[in-house]
Amino acid sequence: MCVAVPGKIISIDENLMALADFGGSSREISVALLEEPKEGDYIIVHAGFALHKVSPAEAEETIEMMRRMVDDGSIL
């Protein structure tokens, strides 16, 4: 099963590698596939690559839904 998750870009370096926040956990990802990525953008990430940007509302809604699934054990 493949899962893409929403995150928020915290910082970007000159090689288009970014630090992104995923609900309190941060990871290094590539933003090379995005047009004009910038700090503060919300993105959808799969396999370490940001695939596209999403609105803050859409990202927060998905993060909250995933948090509820983890909390009630429905994805374990």
Side-chain angles (χ1 to χ4, degrees):
M1 179 170 82
C2 299
V3 177
V5 295
K8 182 179 180 181
I9 297 173
I10 298 170
S11 63
I12 303 172
D13 70 18
E14 66 277 0
N15 296 315
L16 295 177
M17 294 302 293
L19 187 63
D21 177 76
F22 299 93
S25 174
S26 59
R27 302 272 183 196
E28 186 176 56
I29 62 167
S30 172
V31 292
L33 300 176
L34 299 178
E35 272 189 46
E36 300 179 24
K38 59 184 180 294
E39 294 175 10
D41 283 345
Y42 283 85
I43 38 93
I44 295 294
V45 177
H46 177 67
F49 289 88
L51 301 177
H52 61 90
K53 297 178 187 178
V54 294
S55 73
E58 182 180 352
E60 292 297 333
E61 181 179 336
T62 303
I63 290 168
E64 180 57 29
M65 179 182 65
M66 294 176 83
R67 184 175 291 124
R68 286 194 312 261
M69 291 171 65
V70 169
D71 288 347
D72 74 10
S74 62
I75 63 167
L76 299 177

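Side chains included, hydrogens not; waters and symmetry mates left out as well; all remaining heavy atoms used.
For residues 35-51, the pairs satisfying salt bridge (charged side-chain N to carboxylate O under 4.0 Å, His left out) are Lys38-Asp41, Asp41-Lys53, with sequence neighbours left out. Judged as a salt bridge (charged side-chain N to carboxylate O under 4.0 Å, His left out), not a single pair has a partner in residues 9-18 (not counting sequence neighbours). Among residue pairs with one or both ends in residues 58-69, those qualifying as side chain to side chain donor-acceptor pair (under 3.5 Å) are Tyr42-Glu60, Glu64-Arg67; sequence neighbours excluded.
In this structure, the separation between NZ on Lys8 and CD1 on Ile63 is 9.5 Å, given to the nearest 0.5 Å. Asp21 contributes atom CG, which lies 6.5 Å from atom OG of Ser26 (distance to the nearest 0.5 angstrom). With rounding to the nearest 0.5 Å, the separation of CZ in Phe49 from CG in Leu34 is 11.0 Å.
Screening Arg27, His46, Met66 for a side-chain contact (heavy atoms from CB on, under 4.5 Å) involving Val5 leaves a single residue, Met66.
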Side chain to side chain contact (heavy atoms under 4.5 Å, CB included) evaluation trace for Ile43 with Ile29: CA-CA 11 Å; Ile43 38 93; Ile29 62 167; 3.8 Å; yes
Side chain to side chain contact (heavy atoms under 4.5 Å, CB included) evaluation trace for Leu51 with Val45: CA-CA 6 Å; Leu51 301 177; Val45 177; over 6 Å; no
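Nearest heavy-atom pair across Pro6 and Ala59 is CG-O, 3.9 Å. Of all heavy-atom pairs between Pro37 and Leu16, the closest is CG-CD2, 4.4 Å. For the pair Met69 and Asp72, the tightest heavy-atom approach, listed with the atom from each and the gap, is O-OD1, 2.9 Å.
Looking at heavy atoms from C-beta onward, Ile12 lies in side-chain contact with Val31 at the 4.5 angstrom threshold.
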